[in-house]
2 protein chains.
Amino acid sequence: MTGWQDIKAEVLARIHARAWPPGSAIPHEAALAQEFGVARATVNRALRSLAQAGWLDRRRKAGTRVALHPVRKATLSIPILRAEVTALGHAYAHRLLSRDLAPAPDAIAAALALPTATMLWHIVALHLADDAPFAAEDRWVNPAAIPGFADADLTRTSANEWLVQHAPFTHGDFTIAAARAGAGPVPIAPCGAALLTVTRTTWDGFRPITWVRLTFAQGHQIRAAL
Amino acid sequence: MTGWQDIKAEVLARIHARAWPPGSAIPHEAALAQEFGVARATVNRALRSLAQAGWLDRRRKAGTRVALHPVRKATLSIPILRAEVTALGHAYAHRLLSRDLAPAPDAIAAALALPTATMLWHIVALHLADDAPFAAEDRWVNPAAIPGFADADLTRTSANEWLVQHAPFTHGDFTIAAARAGAGPVPIAPCGAALLTVTRTTWDGFRPITWVRLTFAQGHQIRAAL
DNA sequence: GAGTGGTCTAGACCACGGG
DNA sequence: CCGTGGTCTAGACCACTCG
């Protein structure tokens, strides 16, 4: 009856009820284990979970304290566009607009830590939801990192999906920003509209794989739970 | 020498090297425990971690499979604006522009699941970085949920910080969108500029606490690692 | 029905870091 | 130094769910 989730809930309730106010130390694992009548490992599991969620600060010897600023974290999932569109109940389609081997512009080369004017694949594509523009994709792919990319049929599978399935990455980063329509390579909204852009770079170890900027149609939102 | 993190790394390496291709089943916990010469709990810790990161799909009886679409998750931390500004190396300041008790507009009432025209605190404030506008805050606070809010000195501590410290919330959600400058209650950029907005609602159990929309200055970006 | 992951235990040793 | 969290073990029972 008393699992680690129950203990987690109880501790969270005490934090929330200010029985253990922010900044104060809470009892040791051993003490809590005795109080709840469980093994220390069970308490550890509960407290570790709360620490990961940002509710507790734990340090060896210093003990466990209630976080002063409960830094809430939200997890943004980075889905494939096809999945995102179909999840919204629309029919998905995509259109490959261009695909060239071209020297990387300075900004792209810098973002990928490649020498200036390295030859990269440049892909421009449009993602559609019920035949209406959903997002414009502007992508640069490092051929050195993805040997098979030259032979990929990007008219059937979008570069987005192809890379997800064939080019595992170890890490990356992304940036969300707002931009005025009209600047990108593909017009997707009336000139002057405020659009959301997501720019992502991914790496395989130390080798840069791809840089991609998605410009979403007007009104698009990114949601997450806290 | 062989900890759960080592096992996690080894499994990840095999996934990455396609020794265990996407969609395929990997050996049972017991088998891996024997192979690595550790207890099953140690293997479990490693695999659970990989599953949480989206690399594996685990189900009782069905076993553990390499995820077909490694759904990468990024954790967005929701910092206090003061911390965000100072982290960027700027001096933080804020200015309370107005604070009224006013009937909630329909959109706000709906978002908080309150009856139309419920009386709420309406706060408008400006956050500054090195005396330049950083973000405009448009906030509605439910007085029923936060009794002490009427007495809070919001000129010293921003509503943002005051609520973080005095009004714990159990859950919430947020939405990122793009908007054209000029629509909000506070002009923060030249008319027509594309601005990033973050809208957040938070709850304490069933009671809605606050609705807030932050409109960031032109050029602001939200970053995260994958 | 039976195999698999999920969890718990009691005990142990270790690494870190505050005092 | 030495208390605290971090981790590992060997074994056990349970819950879920696939076949």
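Numbers restart at 1 for each chain; the letters A, B, ... are given by sequence-line order, proteins then strands.
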Against the side chain of Arg60(B), the closest entry in dT4(D), dT4(C), dC8(C) is dT4(C)
Gln5(B) CD to dA15(C) P, in whole Å, measures 14 Å
Leu50(B) atom CG is separated from dG5(C) atom P, nearest whole Å, by 14 Å
For Arg48(A), the salt bridge (Lys or Arg N to Asp or Glu O under 4.0 Å) test, sequence neighbours excluded, returns none
Taken to the nearest whole Å, CZ/Arg65(B) to C1'/dT4(C) is 13 Å
Audit row: Asp204(B), His171(B), side chain to side chain donor-acceptor pair (under 3.5 Å) steps and yes/no: CA-CA 7 Å; Asp204(B) 179 13; His171(B) 65 285; over 6 Å; no
* Just checking, Arg99(B) and Trp121(B): is the charged tip under 6.0 Å from the six-membered ring centre and within 45° of the axis? -> yes
Legend entry - Check: Arg40(A) side chain, dT7(D) base, donor-acceptor under 3.5 Å: yes
What residues 28-36 of chain B contributes to the DNA chain D interface at heavy-atom separation below 4.0 Å is none
Using OP1 and OP2 only, check whether a side-chain N or O of Thr2(A) sits under 4.0 Å from dC8(C).
no
Answer yes or no: is there a side-chain heavy-atom contact under 4.5 Å between Phe149(B) and Ile123(B)? yes
ask   = Do the side-chain N and O atoms of Arg213(B) and Thr197(B) include a donor-acceptor pair separated by under 3.5 angstrom?
value = no
Winner on side-chain proximity to Thr64(B), out of dG18(C), dT9(C), dG5(C), is dG5(C)
Please evaluate residues Asp57(A) and Thr64(A) with respect to the criterion side chain to side chain donor-acceptor pair (under 3.5 Å), reporting the C-alpha separation (whole Å), side-chain torsions for both, the decisive distance (0.1 Å), and the verdict. CA-CA 6 Å; Asp57(A) 283 332; Thr64(A) 301; over 6 Å; no
Terminal axes of the helix from dG1(C)-dC18(D) to dG18(C)-dC1(D) (5 end pairs apiece), angle rounded to 10 degrees, sit apart by 20°
Whichever of Arg59(A) and Ala39(A) has the more 5' nearest nucleotide on DNA chain C, that residue is Ala39(A)
Has Asn44(B) got a side-chain N or O lying under 4.0 Å from the OP1 or OP2 atom of dT7(C)? no
Taken to the nearest whole Å, CG/Asp57(A) to P/dG17(C) is 14 Å
Practice item. Respond yes when some side-chain nitrogen or oxygen of Arg45(B) is under 4.0 Å from OP1 or OP2 of dT7(D), and no when none is. Key: yes
Please determine, by modelled atom types, if Thr210(A) and Asn142(A) share a side-chain donor-acceptor pair under 3.5 angstrom.
no
Checklist entry - Taking the six-membered ring for Trp, are His220(A) and Phe134(A) parallel (under 30°), tilted (30 to 60°) or perpendicular (over 60°)? => result perpendicular
Checking Thr118(A) side chain against Pro115(A) main chain: does a donor-acceptor pair fall under 3.5 Å?
yes
note: Gln52(B), atom CD; dG5(C), atom P; distance rounded to Å ~ 17 Å
Heavy-atom closest pair (Trp203(A) atom, Ala111(A) atom, distance to 0.1 Å) is CZ2-O, 3.7 Å
- Select base, sugar-phosphate, or nothing to describe what Ala62(B) touches, counting heavy atoms under 4.0 Å on all strands. sugar-phosphate
Rounded to whole Å, the NZ-C1' distance (Lys8(A) to dC8(C)) equals 18 Å
Taken to the nearest whole Å, CH2/Trp4(A) to P/dT9(C) is 14 Å
Rounded to whole Å, CZ of Arg58(A) lies from P of dT4(D) at a distance of 12 Å
